[in-house]
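Only one structure is covered here, and it is reproduced in the block below.
Chain letters run A, B, ... following the sequence lines, proteins first and then strands; every chain starts at 1.
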Amino acid sequence: MPFTIATWNINSVRLRMPLVQQFLERYRPDVLCLQETKCQDDQFPASAFRKLGYEHMAIHGQKGYHGVATVALRPLELVEKREFCRMGDSRHLSVAVNAGGRRLLLHNFYVPAGGDEPDPIINPKFRHKLDFLTEMHALRAEHDDVSGSILVGDLNIAPLETDVWSHKQLLKVVSHTPVETEGLERLRHEGGWVDLMRQHIPPEEKLFTWWSYRAKDWDVSDRGRRLDHVWASPNLSPSLNRIEVLREARGWDRPSDHVPVIAGFDFD
DNA sequence: ATGGTTGCTAGGCAA
């Protein structure tokens, strides 16, 4: 029984609904997790999703900033909208879906970017990012015979050397500093999560999901980073049959700076 | 060496 889930930092869902529509019509993932929706819940383009067949939605938005939403072709059960760091930010949403006789717990995350200066003493945004990661440590990849967990989203950290265009040049750049990369890997191991993108694509291979708007030619310079992730509990990883990073989406008209990542499973 | 771009919304702030 096939099951596909996609994650995409959309950088304003209202502005980019035409691209989302194009994506959903072409790829038809069972579930799409969006980050940086940048609108309040009553402004979320729910009817446009409904017309596309995505009738089931869980949204956790806020005015102007952040915001996550999970939309699906099949029923979703809202599990939690968790607040991190007592900031009042909308950065997490979890739902449950049934797939191949299993109950899947799906976490959708938008981790703080952390500002420019990688020093928690002088930069409160970086402090917030580190605190957010610390709070995420409580999140375990819950699973048993009939259930599993998937965690997706923009984690704003590129953990491996091959997750950035230049490991050396980015060591002091927020998203690839050792305190972040080691912190993310530690939290993934302690939570019992498997990095599905790197299970499918060898860690030796460069892999990016984000390219800055500021580059003259993002495709030619290719100064990307892997900021978006798909993790799962270990009982789901043998069922993974596909990971696709939709690089071409960065070249679409008025694109997001992130591209969709699609994970395909075949559950028995 | 330190811009460069984009989105939210109406002047910066965040990314």
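Residue A:Asp116 contributes atom CG, which lies 12 Å from atom P of B:dG3 at whole-angstrom precision. Between A:His258 atom NE2 and B:dT5 atom C1' the separation is 13 Å, expressed in whole Å. Here the C1' atom of nucleotide B:dC8 and the CG atom of A:Asp89 are 15 Å apart, to the nearest Å. Atom-to-atom, NZ of A:Lys38 to P of B:dT9 comes out at 9 Å; the value is rounded to the nearest Å. Remark: C1' of B:dG4 and CG of A:Asp217 are 14 Å apart, rounded to the nearest angstrom. Put simply, CG on A:Asn123 is 12 Å from C1' on B:dA14, counting in whole angstrom units. With rounding to whole Å, A:Tyr65 atom OH is found 8 Å from B:dA15 atom P. Residue A:Arg223 contributes atom CZ, which lies 15 Å from atom P of B:dT5 at whole-angstrom precision.
Remark: A:Arg254 is in phosphate contact with B:dG7, judged by side-chain N or O atoms under 4.0 Å from OP1 or OP2. Residue A:Lys63 has no polar side-chain atom (N or O) positioned under 4.0 Å from OP1 or OP2 of B:dC8. For B:dA15, the OP1/OP2 oxygens have no side-chain nitrogen or oxygen of A:Ser212 closer than 4.0 Å. One finds no side-chain N or O of A:Arg214 lying less than 4.0 angstrom from the OP1 or OP2 phosphate oxygen of B:dA15.
A:Thr209 and A:Arg226 are not linked by any side-chain donor-acceptor pair at a separation below 3.5 angstrom, with hydrogens and angles left out of the test. Under 3.5 Å, the side chains of A:His92 and A:His60 contain no donor-acceptor pair of N or O atoms.
In this structure, A:Arg223 forms a cation-pi arrangement with A:Trp165, its terminal cationic atom sitting closer than 6.0 Å to the ring centre and no more than 45° off the ring axis.
The pair A:Glu80-A:Arg82 meets the salt-bridge criterion, since a charged nitrogen lies less than 4.0 angstrom from a carboxylate oxygen.
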